[in-house]
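By convention in this document, chain letters (A, B, ...) are assigned in the order of the sequence lines, proteins followed by strands, and residues within each chain are numbered from 1. Everything numeric here is computed off the predicted structure, so don't read it as measured data.
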Protein chains: 2
Amino acid sequence: MPEHARNKEQAILDAAEREFLTKGFDGARTTSIAQAAGVTHAMLHYYFRTKEKIFERILDEKMRLMGESVLTAFGSPGLPLSERLRQGIENHFDFVAANPDLPRFLVNEVFARPERYEAMRQRIRWIMNPLLADLQRELDEAAARGEADPADALMLLLDVISLNVFPFLAYPVLEPLLGDLAGDRTRFFAQRKAENLEVIRKRLLKTPQR
Amino acid sequence: MPEHARNKEQAILDAAEREFLTKGFDGARTTSIAQAAGVTHAMLHYYFRTKEKIFERILDEKMRLMGESVLTAFGSPGLPLSERLRQGIENHFDFVAANPDLPRFLVNEVFARPERYEAMRQRIRWIMNPLLADLQRELDEAAARGEADPADALMLLLDVISLNVFPFLAYPVLEPLLGDLAGDRTRFFAQRKAENLEVIRKRLLKTPQR
DNA sequence: ATTATCTATAGATCTATAGATAATGC
DNA sequence: ATTATCTATAGATCTATAGATAATGC
């Protein structure tokens with residue numbers, strides 16, 4: 001395929017990504033995508049046949065990206081557990097900060113598309129189960145050595161992801177409450193990152209009290 | 001207004017709620033709403049003029065409901081702090097469990113409607129700021145008495161809401177990972193509730209280590 | 001008299017394609 | 001010869017309304 005065509009194809013995908021990420025499948029317009037990509041509307045159908053097919057390309061890539069972000073964040077080599085978690089939380093947080101409307105997009109479109117669900121289930125398992133098993137082993141060993149309270153790897157990872165992702169989803173609702181942080185998105189999220197690290201650190205602390 | 005008309009009006013609102021909550025504004029169809037409500041399509045416009053106006057009714061009510069859920073959950077009278085938080089987390093969690101697609105709806109539609117944002121900001125502040133001030137005072141007092149680590153009320157509340165809400169948003173993505181809990185939604189969410197209580201309890205524990 | 005309801009359709013979008021023309025690679 | 005591109009438009013939806021008719025309240 002000649003280079004200028006590749007460029008147009010890519011321009012369409014780039015424009016489609018922005019359109020779908022901000023407006024969702026139902027709100028997105030192929031005419032807007034064409035305009036943003038600087039091609040005539042007919043070109044979209046020439047390269048991709050249908051709106052649905054363009055969308056699938058975007059959704060698949062974004063799902064892969066989100067899964068990999070967790071994997072690469074927490075999949076570090078033989079670091080001590082506490083350090084591995086610290087790096088994992090930071091890396092995952094930074095990834096979400098760099099892609100702030102990715103979670104909203106995925107949550108929505110995956111919910112709206114039960115028909116694509118089965119293929120997705122397999123991929124999620126395939127990506128995440130090895131990580132969970134490895135993390136569980138480390139957690140068990142740390143607990144056995146008396147360095148940490150026992151914990152379930154899935155529950156712990158879900159704590160991290162909840163804490164990291166939710167503030168980005170809810171930011172418009174939170175912003176009015178920020179007081180002296182209002183408008184200062186960067187500082188607010190820096191504070192959130194520190195808080196999340198602290199919450200998880202304490203979650204694993206061995207504490208005699210109850 | 002005669003009773004049968006009230007009934008139709010309410011039937012339309014009920015149908016619209018289901019349609020908008022599951023499909024969002026862009027995906028919702030006024031024809032589907034009319035059909036689900038058991039009225040002709042023209043009746044929607046007779047009672048509400050436009051799709052947008054029906055939607056506003058639903059969005060306003062749901063935003064109010066979500067705000068009040070936080071307020072009533074955590075606004076308990078003079079209980080000890082730890083007990084107040086425990087009840088707050090449980091009540092808020094139960095509310096979300098009873099309205100599992102409310103968060104997704106609000107996150108989306110609020111994001112998509114910056115034009116309604118200013119009115120919303122005021123209401124959010126008005127509802128939440130007194131609660132935050134009261135909670136902060138209690139946290140400061142507990143810290144001064146040496147019963148708890150110092151904490152920022154907004155950060156703590158955001159921890160709670162993140163932990164409570166996110167698993168409902170992400171459930172379809174999580175379900176393939178549940179292992180022996182797969183398919184058993186109830187047991188999974190019971191475990192999440194317990195985990196969230198534990199995370200927040202430990203967050204406030206006074207710990208000498210660092 | 002006013003309010004509620006229905007049928008039929010206007011009018012606005014939006015996706016998709018037909019069919020002609022231009023550019024490219026062999 | 002094949003691939004890329006454009007203009008023009010078909011065809012499908014979807015929201016909204018016009019205008020007639022039925023029901024209701026005074």
Practice item. Name the residue closer to the 5' end of DNA chain C, choosing between Arg29(A) and Tyr46(A) according to the nucleotide with the nearest heavy atom. Key: Arg29(A)
Point to revise | Nearest heavy atoms of Ala151(B) and Gln136(B), plus distance in Å | key: O-NE2, 3.1 Å
Review point. Please give, in whole Å, the distance from dC6(C) C1' to Ile12(B) CD1?
Key: 14 Å
Check your understanding: Using purine N1 to pyrimidine N3 plus N6-O4 or O6-N4 for Watson-Crick, or N1-O2 and O6-N3 for G-U wobble, both under 3.5 Å, which nucleotide pairs with dT24(C)?
Key -> dA1(D)
Check your understanding: When we call it a touch if two heavy atoms are under 4.0 Å apart, what does Ala34(B) touch: a base, just sugar-phosphate, or nothing?
Key -> nothing
Check your understanding: Between Thr50(A) and His45(A), do the side chains contain an N or O donor and an N or O acceptor separated by less than 3.5 Å?
Key -> no
Study note, to complete from the structure: Whole-Å distance, Arg49(B) CZ to dA18(D) C1', equals 12 Å
Study note, to complete from the structure: The reported gap from CD in Glu19(B) to CZ in Arg29(B) (rounded to nearest 0.5 angstrom) is 8.0 Å
**Study point:** Euclidean distance, atom CG of residue Asn7(A) to atom C1' of dT3(D) [Å, nearest integer]
**Key:** 16 Å
Review point. Taking the six-membered ring for Trp, are the ring centroids of Tyr171(B) and Phe189(B) within less than 6.0 Å of each other?
Key: yes
Practice item. Could you state the atom-to-atom distance from NE2 of His41(B) to P of dA10(C) in whole Å? Key: 16 Å
Practice item. Could you tell me which nucleotide pairs with dA16(C) by Watson-Crick or G-U wobble geometry, both distances under 3.5 Å, or answer none if nothing does? Key: dT9(D)
